[in-house]
Structure formats: structure tokens, C-alpha cells
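Here the structure comes first, spelled out in C-alpha cells, and everything after it is commentary.
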Amino acid sequence: MNMADKLSPEQKLERKRHSMAHVMAEAVLDMFPTAQIAIGPAIDTGFYYDFDLPRQLVNDDLAVIEEKMKEIIKSDRKFVRTEVTRDEAREKFKDQKYKLELLESIPEGETVTLYNQGNFTDLCRGPHVESTKKLDPRSFKLMNIAAAYWRGKESNPMLTRIYGTAWNNKKDLDAYLTKLKDIEKRDHRKLGKELDLFSMHEEAGPGLVYWHPKGARIRGVIEDFWRKEHYKNGYEMVYTPHVGKSWLWETSGHLDFYHDGMYPPMEMDKADYYAKPMNCPFHIMIYNNTKRSYRDLPLRWAELGTVYRYEKAGALHGLLRVRGFTQDDAHLFVTPEQVDDEILTVLKFSLNMLHSFGFQEIKAYLSTRPEKAVGEPERWATATEALKKAIEKEGLEYEVDEGGGAFYGPKIDLKIKDAIGRAWQLSTVQFDFNLPERFNMTFTDKDGQEKRPYMIHRALLGSIERFFGVLLEHYAGAFPAWLAPEQVKIIPVGDNCFDYCKELEGKLRMEEFRASADLSDDHMKVKIKNAQLNKVPYMLVVGEKEMESGEFSVRLRTGKQQKWGDYDSFVKKLHSIVDSHQIEL
RNA sequence: GCCAGAAUAGCUCAGGGGUAGAGCAACUCUCUCGUAAAGAGUAGGUCGUCGGUUCGAAUCCGACUUUUGGCUCCA
């Protein structure tokens, strides 16, 4: 019986991908005999291999390497495994400095193995397919050339990495390539430009977002909803400054530990002011403004607080990673007895919020105490237990990241899956044992003792910018009616209907719908096309027929026609869809 | 920050050592139209910025800015 038969389909595919990496290395060495080879593992969608090459690669090289790989695959080369001694391996790779380094890092006592196919031998744990004929020459594609540091360390030499994608067959490869195209079509940067939602400006600073009127409308809807829900759920809103004197950041510890992530200070009146990278210290200032009693707790203070963080230039990415963004932040200050209830409540709230925006598939990640941590172990235990109980009570699927918490407290992160199955982290609920100490926060308990409250930091959407980017990609720009920047486009058939359409627009606006009549002198078909391209959910085409009968036929952005009756029933129907936040049109 | 690619009209893009092109959008005029593109015309660019090479640079070279993909997947 063949070993391979016992492998799961995933393991088999991984083996193929890893073997592909070796095939690619052979092709590259054939092209550049003096190349140094580093590592070449299988990854989620294929494989890569890192090389130190005598010259820079250009995109055209990929096609050449790809052809060579196909030849190698077709020539049916066996993958041969050999066990060798360390000295034999050292001799074999005497010209390959990276391989020698890897060899040294293999623990004593572990068997050293080589894999050979054709003209290529690699220091490798394996396993591999038996022969290149098990690989489908049409199942892979070299994707891009990238740079990577040797062993991922910035101080190490830079290597050339070639990424390839590989699948079981051509069909799977094509499906993957189609998916990539879909991802490209959904790209929030592209949609943001096409739908005129936001922009960034190099003259005015990278990573800083400008919300255009249509983007601002959507953001406004999100924020209004967010505020309303928070009031319903027992929160109060606070507003705090955008800058604070260094005292604040020294006390919070940010200047010690988070200095690199902060914008540099502005000097004024001989004091240094910093743009806030977080809202927490400000909320604590409000807490500490008066003496607090256990009767006051829990306190739940929320703020759409705009923060500024220095992100590495190379890390910036559309709305998903920016330098100025608005957190949907809140801090909960609770007594020890309230922790369990409070955590459960905030988790439920968070799930409801995510559901409202159309995210149904949600997974939790619990991060526990790392080795270096502040705060008494009992508090950590209480907090971690509360988080875990809440997740389990909600029946959420979850993973535990042991020791993965921040030094100041355990946390739950929630990740949603979008329309095409990608995971995004949005919500986070995080205990903080550090700041209450540093700011000496207290409350007076029943017994007259001054005690330390538990402080919980939480964001449901994460940041508005990032959330908006994720939403945009999730819906591919076609927002549900309640979020759409424009809900109804009124399209006159001819200019004899303009007055009527104008009147209709006014009436719909009085109903608080975002509606407008297209009174340009374009032809009707063009108006429909424009509304369609703008992904306006509902189009009312109004001509003599409608003016006479008072009955409307609604064109959905899907192209479907619907009979919604007269004006009153149209309004009623639209209200029911919008007010209930219905996702479908 | 580091490596590599990119930057041409509002947008999408072509071109390329001899001085700038298309489509769409904009503007003007004509058409008044029944569910995704009516016709004609006009205008629009220091070819990202700064420097260098050259008789001549948008084109070649360098720096900078912005942007894209990487820099997490471990023999």
C-alpha cells in the first residue's frame, strides 16, 4: 500500500505544491547556475522559493521559468529521498550558504534528508510526490516576484522570492484565477474611485482619508445607527480632544511602549502635545474627574474617536491600513462582580451589530496571558474565564491563542467572513489591567474600601475606515438599501415629466429617503445606465403612463422590474425594506 | 523602513530621444426619447517632482514623492 493513499486531500495538494517549488528551483538553477537557494515551502495557494540571484528578475523571466518547469514536469523525474550524514550534507551544499545555515539549525539527532529530482537536489524534510508526472503542467502559474529577507529578518540579506500558485488540475487553477479577478473587481480602492466615495492625496499626506459626499452619506448612516444602538444598549457618548500633553502619554505608558506608533510631538507653550493614537487615556480622565462609587458602575462610554498612528509607509493600504482613522471605541468600567454579565452583554451587542451589516459567519479568537504581563494572576483568570464563558454561552466557534494576549490583558477578537469567504477581524473586546494602575483609578465599594475597577476596551466595527472598506468589498459596492448613498433614482422618460419627477423627489426626501431625479438632458437609457453603474438600488422610470395611472414600476439594480403599485404603496414598501435594514432589495 | 514594479487629460489606457494620442467624462449645439451608451462640435496635459546625460528628454540615468505587490507561511 502506498503511503500517499493515507494522506488527506489537503496533504496531497500540499505535497504537490512543495514538489512544484523544487521543480521551480531546478528551473531557476538551470537558468542561473550560480544562484543561491534558500527555502521553498508550500503555502495556502501554492508555493514560493527564495533565491539569491546574480541579476534582478523581470516579469518576462517568469514565462521562461514556467516553460522550463513544464518541460521538467513532463520529463517524468523521480523524487528520490536519501538520508545522509551531516558531513555528507555539508559537502553536498558547500557552495550553498543558506542551505549550510539551515543544516546547522537542524536539531542534533534528527535525520538529515535530501530530495533529488533530475538535476536538482535539495536539503528537505519532504515529503514529495513520487515523480513529476504526478504534477499537472497546466495546474500552476507563476504569479509574482517579490523580495523577502532571509528568515524574515530586516537585518538579513534580501532575497528574490518567486510566488507560484498550484492546484490539482487546470480546472482548480482556473477557478482560483477567476476568484482573483473577482477580488480585483471588489477592491475597495477601485470601487471607492468608481463610485466617488473617498480619496487620498499625496500632496496632503499618505494614509489620510478624504470622504466624498457619497462616502460620507454611508458613513453617516453607519454612525447614526451605531450611536442609536449604543444608547439603546446602555452606553453614553463622550467627546474628547484630539491631542494631549506628554504628561498623559507618559502616565499611560504610550511614550515608553508605543512611541514608534505615534505622530511626533508639536511643541506649544514649552509643552509637547501628541496627536492621540488611542482614546483610552482621555476616557480615564473623565472617569477620574470625580470620585466613583460602586453604585455608578458599570460605566459604558463610547466615542467615535479619531486617532492618528504612524504606520510604516510600506504598510499603508487603501482604507484597510491608514494613518488617521476613527475607532468605534468604548470603555467599560465595572466592578469585579459585574465582569461576567458585562462581557456577555458586550459580546451579544457586538454580534448583533455585525449581523445588522449582513455578516452572519463569525468566529471568535480568545487570547490569553502572555509570559510578560502586568496585573495580578487572579484578575487575569477572572477576566479570561469571563471571556471564555461568554463565547461558549453564545455558541460561537472559537480558537484559543494561548499566551497571545497583550501584556495588559486578555481579549476576544471576532472575525467575520465576507461574501467571498475572506476573513476580516472587526470586533475586539479587551481587558486592560495596565491603565487603571497607571492612572490610579478607583471606586468606593459597599464596604467603604477603595477598589480598582476592571477596565474593558472594546471596538465593534474596529475602525470606521477599515470597516467601510470591508463592507465595500463585501457588497462589491452594491450596498443594501439602508446603506446605499443613493436609494432611489427617479428617471423621467422625457422632459414633459421633469416637473412631476422633481415633485416626486421632494416627496421622497421628506420621507427621509435618499432620492434624486436625473434631470440632465441625457437620454433615458443613459440615465438608467448611470444609475446602474452607481449601483443605485431602485430606479423609478417615470413617463406619461405613470403620471396618468399613478402606478410605478420599479427597476432594481439587478435589472429586474417590480410592480410596487401606487406612490403610497411604493413608499410603504421602501420604508419596510430600509427601516428593517433588509439586505436584499 | 527595506526590495521590486508603476506614475501620460477628471477616469481607463496607448505611445515613446525630434516636442502629445484614443475612448469615456466635461462643455456647446441638435435629437425629446419607455428600461445599460443618439449625433456633431469645443476645450482639456510642464507626460508625478527635482536634478543629470544630450544639440534636443515625456522617453535614458539618479534622487525624491505617491502608489502597487512583497517583506507572516521555514530544511
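Here is the naming used below: chain letters follow the sequence lines, and residue numbers restart at 1 for every chain. As a basis for the values below, the full set of heavy atoms in this structure was taken, side chains included, without hydrogen atoms, waters or symmetry mates.
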Between [M] and [N] - [atom1] atom distance, rounded Å:
N	M	atom1	result
U65(B)	C50(B)	C1'	10 Å
C47(B)	U8(B)	P	11 Å
U42(B)	A9(B)	C1'	15 Å
U54(B)	U72(B)	C1'	48 Å
C60(B)	A26(B)	P	35 Å

Nearest-angstrom distance from the residue atom NZ of Lys193(A) to P of A25(B): 18 Å
Toward the 5' end of RNA chain B, by each residue's nearest nucleotide, Glu546(A) or Val112(A): Glu546(A)
5' priority, RNA chain B, between Gly205(A) and Tyr48(A) [closest heavy atom]: Gly205(A)
Stacking check His523(A) vs A38(B) (5.5 Å / 30 deg):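 Whether judged by distance or by angle, His523(A) passes, so it stacks on the base of A38(B).
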Distance under 6.0 Å and angle within 45° of ring axis: [X] vs [Y]:
X	Y	answer
Arg17(A)	Trp167(A)	yes
Lys363(A)	Tyr398(A)	no
Lys415(A)	Tyr365(A)	yes

At under 4.0 Å, does any side-chain N or O of [X] touch on OP1 or OP2 of [N]?
X	N	value
Arg161(A)	G69(B)	no
Arg189(A)	U66(B)	no
Lys525(A)	A37(B)	yes

Tyr163(A)/Tyr48(A) aromatic ring centres below 6.0 Å: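 For Tyr163(A) and Tyr48(A), the ring centres are under 6.0 Å apart.
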Any donor-acceptor N/O pair under 3.5 Å between C2(B) base and Tyr149(A) side chain: yes
Nearest to side-chain heavy atoms of Pro206(A), which nucleotide of A36(B), C71(B), U66(B):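 Of A36(B), C71(B), U66(B), U66(B) is nearest to the side chain of Pro206(A).
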From G1(B), G70(B), A36(B), nucleotide with atom closest to Leu533(A) side chain: A36(B)
